[in-house]
> 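What follows is a structure written as structure tokens; I'll ask about it next.
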2 protein chains.
Amino acid sequence: MGKSPIRLKDIADRTGFSVNTVSLALRQSPRIPEETSLRIREAAEALNYLPNHVAKSLVNRETKTIGLVLTDITNPALTQVAQAIEMALSTRGYSTLFATSNNDLEEEKRVIEVFRSRQVDGMLIYPRSHRELAHIRRLRQAGYPVVLLVGDPDAGIDAVCVDERRGAYRAVRHLIDIGHSRIGIIDTSNAKGNLEKRDGYTQAHQEAGILVDMELLADPLGNSVIRGYWAMDRLMSMPVRPTAVFAANDSLAIGALRWTQKNNLRVPKDVAIIGFDNIEFAEHAATPISSVKYEVEMVTELAVERLLQLIAAPDGLPKPRVTMIDPELIVRDSTAGRGD
Amino acid sequence: MGKSPIRLKDIADRTGFSVNTVSLALRQSPRIPEETSLRIREAAEALNYLPNHVAKSLVNRETKTIGLVLTDITNPALTQVAQAIEMALSTRGYSTLFATSNNDLEEEKRVIEVFRSRQVDGMLIYPRSHRELAHIRRLRQAGYPVVLLVGDPDAGIDAVCVDERRGAYRAVRHLIDIGHSRIGIIDTSNAKGNLEKRDGYTQAHQEAGILVDMELLADPLGNSVIRGYWAMDRLMSMPVRPTAVFAANDSLAIGALRWTQKNNLRVPKDVAIIGFDNIEFAEHAATPISSVKYEVEMVTELAVERLLQLIAAPDGLPKPRVTMIDPELIVRDSTAGRGD
DNA sequence: CCAGCTTGTATTATCGCCCATGACTTTGAT
DNA sequence: ATCAAAGTCATGGGCGATAATACAAGCTGG
């Protein structure tokens, strides 16, 4: 802490006015004449006064801070989300308290409690699991403004997110369109996890009348490049290899691509690869990787906007609204039409 | 906000004890008998009581939160730093307020003011510039615990960081050792920016008796892959091309590598490339890229430890201490010894 | 010339919690 | 039985700010 935190009282003593007058003057109240207001403003300046936000929060019952809960930030797409949210909130006068759940449900619950205790005005949450949202629903029902960054239309919680099911559908549909019928998928296969992408994968298959082979699902058990590499290794060790692979995010896709390099397969000739999120590293990989664009700006802007709406709602929270952004498919070399 | 924030008073009313007794009981004071304490604890549980951290902060004059200021988080190495810091602080009972300066000095000053106003107990700052630290030094002199994440031994401010000068020296020295003498460098050439890496580059040259050609410095004007690509383009358009390139971070290095692919140059045969930070994408690039390891765990752990020391210092801040971590060089294919 | 209105400032209460003080009760030693 | 030493709880003040209310002056007008 600074040695001598200047308080309103210090300005009051110096100028001879009362604490209250000083407070009013600094907040541009019309009840204070220009003359006094100016003298007080000058004194504050001279003393280098900074209002104590904590005290203000206590009386106003709002902290002008929101809590941001992410699973882990190492996924480049989530990183951008974090930064964009911080900036969007900052321009609106809010600060952001930040915490990672480290993909652990108990930890997620804990940080939410911490945020509540710290009286955040609202929370933006990227939950660990899309199926275990009871604790968050309870929060909402208790009147807390919350917006999720992943969407489950019937979770009863506001959400703004890219439509992952639809994005995955587009990616896999694209692979089918260019002639593939044996398509591997690298995605976390946790029953309580995010099933949207697998749903999209399945839907595209069904629509095309292709049987879904669960053998073609490889769980990378993580999200790093190297996890993608080993998941690809498993897929390509099958008796009948897939001719194309859909990876749930670009890090995994880059790992898969890396595997093809090491094993002298050509992409897209021997195997096509498509990712998700459209991070810069995918665009500039050895073979530019097709991907599904994660609309960072749009998601964050809408999510922040919605959260502030909830916070400002005069009487109770309005009915939850889920906004799903239909993502764009970016086609690059890794899924260029097959030559044969 | 939750509809009915439970206060100590509510528990007091329910149990018949006074607010004070409740407060003491919940804080495990030995002055309250087990029996009473238990009944109060149960009532708190039943009412789902959560202490109001804001009120507590006002009384205790500490918020148990620290402010983290980063330039921008899109550099994957900084991302990891952010997450590691959050986790390290979390286990010690601190929350982290997070803000990006967006590489703008005025913005950096602004967020620091905001943090001060919010009474953070201390700050961790990755400053925009290594040369404009006056505002931060003033902070320290006013008694604020601050630890920088970049180091200038004579800035008069505590710091924990990787020794970028030394890391760059090692990288360039390595290039010289394997036979290169015309070495390009892709690094921001802002006079007020981070000069450490260029210093290391220069030192390695001088030690080897090689003249430094300032023509070989390309400013990418940013940190993305594509910026690295264009900086590389400029370097390789010179009448006499460099035979090796040192990039100030791995994103830039990956961009440079990408340029060689598009222009059919072989790495390391035609041109060697080395990066900085050792992010996962460098390891798994088309040609695995040599890099200087950014010791995320060590930097964050030491920085947090030091900051908490400063916060706990009983009488005034101790003399500033700068800890520079000597980074390890990771050699990969992109700088394998030249065949000729 | 005083009721009745502005106008400018001071007083007091409040936010939720912690701390110092001390009153009252119980226990144990003499 | 008396008194000191613990033990147990309530009271009041304060953290730094805002908000509601009160209170002096200075005007106006009938």
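Because the structure is predicted, anything quoted here is derived from the model rather than measured.
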> Pick base, sugar-phosphate or nothing for B:L8, based on heavy-atom distances below 4.0 Å to the nucleic acid.
sugar-phosphate
> Salt bridge or not between A:E106 and A:K109? Use side-chain N to carboxylate O under 4.0 Å.
yes
> Answer yes when B:E113 and B:R138 have at least one side-chain N-carboxylate O distance shorter than 4.0 Å, and no when they do not.
no
> Mind checking the CG-CD1 spacing from B:L68 to B:I85? Nearest 0.5 Å is all I need.
5.0 Å
> Quickly work out the A:L58 CG to D:dG16 P distance and round it to whole Å.
12 Å
> Rounded to the nearest Å, what distance is computed from the CZ atom of residue B:R7 to the C1' atom of nucleotide C:dC15?
9 Å
> Just report the end-to-end axis angle for the helix from C:dC1-D:dG30 to C:dT30-D:dA1, five pairs per end, to 10 degrees.
60°
> Starting at CD of A:Q119 and ending at P of C:dC15, how long is that distance when rounded to a whole Å?
14 Å
> Do B:L8 and B:L26 touch side chain to side chain, with heavy atoms closer than 4.5 Å?
yes
> Apply side chain to side chain contact (heavy atoms under 4.5 Å, CB included) to residues B:E62 and B:S57 and explain how you reach the verdict.
CA-CA 5 Å; B:E62 66 168 0; B:S57 296; over 6 Å; no
> Whether A:R61 contacts D:dT18 is assessed here as follows: a side-chain N or O lying under 4.0 Å from the phosphate OP1 or OP2. Is that the case?
no
> Strictly by side-chain hydrogen bond (donor to acceptor under 3.5 Å, both in side chains), give each pair with a member in residues 12-23 of chain A just once, sequence neighbours left out.
A:K9-A:D13, A:S18-A:T21, A:S23-A:R27
> Among the nucleotides D:dA19, C:dC18, C:dC15, which one has an atom lying closest to any side-chain atom of B:N60?
C:dC18
> Which of residues 42-56 of chain B have a heavy atom under 4.0 Å from DNA chain C?
B:Y49, B:P51, B:N52, B:A55, B:K56
> Is it true that B:R306 and B:T323 share a donor-acceptor pair across their side chains at a distance under 3.5 Å?
no
> Closer than 4.0 angstrom, basic N to acidic O: yes or no for A:D158 and A:R140?
yes
> Which listed nucleotide (C:dT9, C:dG16, D:dG16) is nearest to the side chain of A:V59?
D:dG16
> Give, ordered by number, those residues of residues 11-22 of chain B having at least one heavy-atom distance below 4.0 Å to an atom of DNA chain D; if nothing qualifies, reply none.
B:G16, B:F17, B:S18, B:N20, B:T21
> Measure CD/B:E62 against P/C:dC17 and give the value in whole Å, please.
16 Å
> Indicate yes or no: does B:R110 engage B:E107 in a salt bridge with an N to O separation below 4.0 Å.
yes
> Quick one: list whatever passes ring-ring contact (aromatic ring centres under 6.0 Å, His included) with B:F115, sequence neighbours left out.
none
> Rounded to whole Å, how long is the line connecting atom CG of B:L24 with atom C1' of D:dG7?
13 Å
> For B:R7 and B:N52: C-alpha separation, side-chain torsions, deciding distance, then whether side chain to side chain contact (heavy atoms under 4.5 Å, CB included) applies.
CA-CA 8 Å; B:R7 300 152 306 160; B:N52 184 326; over 6 Å; no
> Out of the candidates A:V147, A:L133, A:L139, A:D152, only one should pair with A:I157 under the side chain to side chain contact (heavy atoms under 4.5 Å, CB included) rule; please name it.
A:L133
> Please give, in whole Å, the distance from D:dA20 P to A:R27 CZ?
11 Å
> Measure CZ/B:R118 against P/D:dG16 and give the value in whole Å, please.
18 Å
> Is there a side-chain contact between B:I136 and B:I112 (heavy atoms, below 4.5 Å)?
yes
> Go through residues 33-41 of chain A and report each residue with a non-hydrogen atom lying under 4.0 Å from DNA chain C, sorted by number.
A:P33, A:T36
> Find the distance B:K9:NZ to C:dG16:P and express it as a whole number of Å.
11 Å
> Considering only C:dC18, D:dA17, D:dC15, which nucleotide approaches the side chain of B:S23 most closely?
C:dC18
> Determine, step by step, whether A:N103 and A:T71 satisfy the side chain to side chain donor-acceptor pair (under 3.5 Å) criterion, reporting the C-alpha distance in whole Å, the side-chain angles of both residues, the deciding distance to 0.1 Å, and the verdict.
CA-CA 5 Å; A:N103 254 308; A:T71 51; 4.5 Å; no
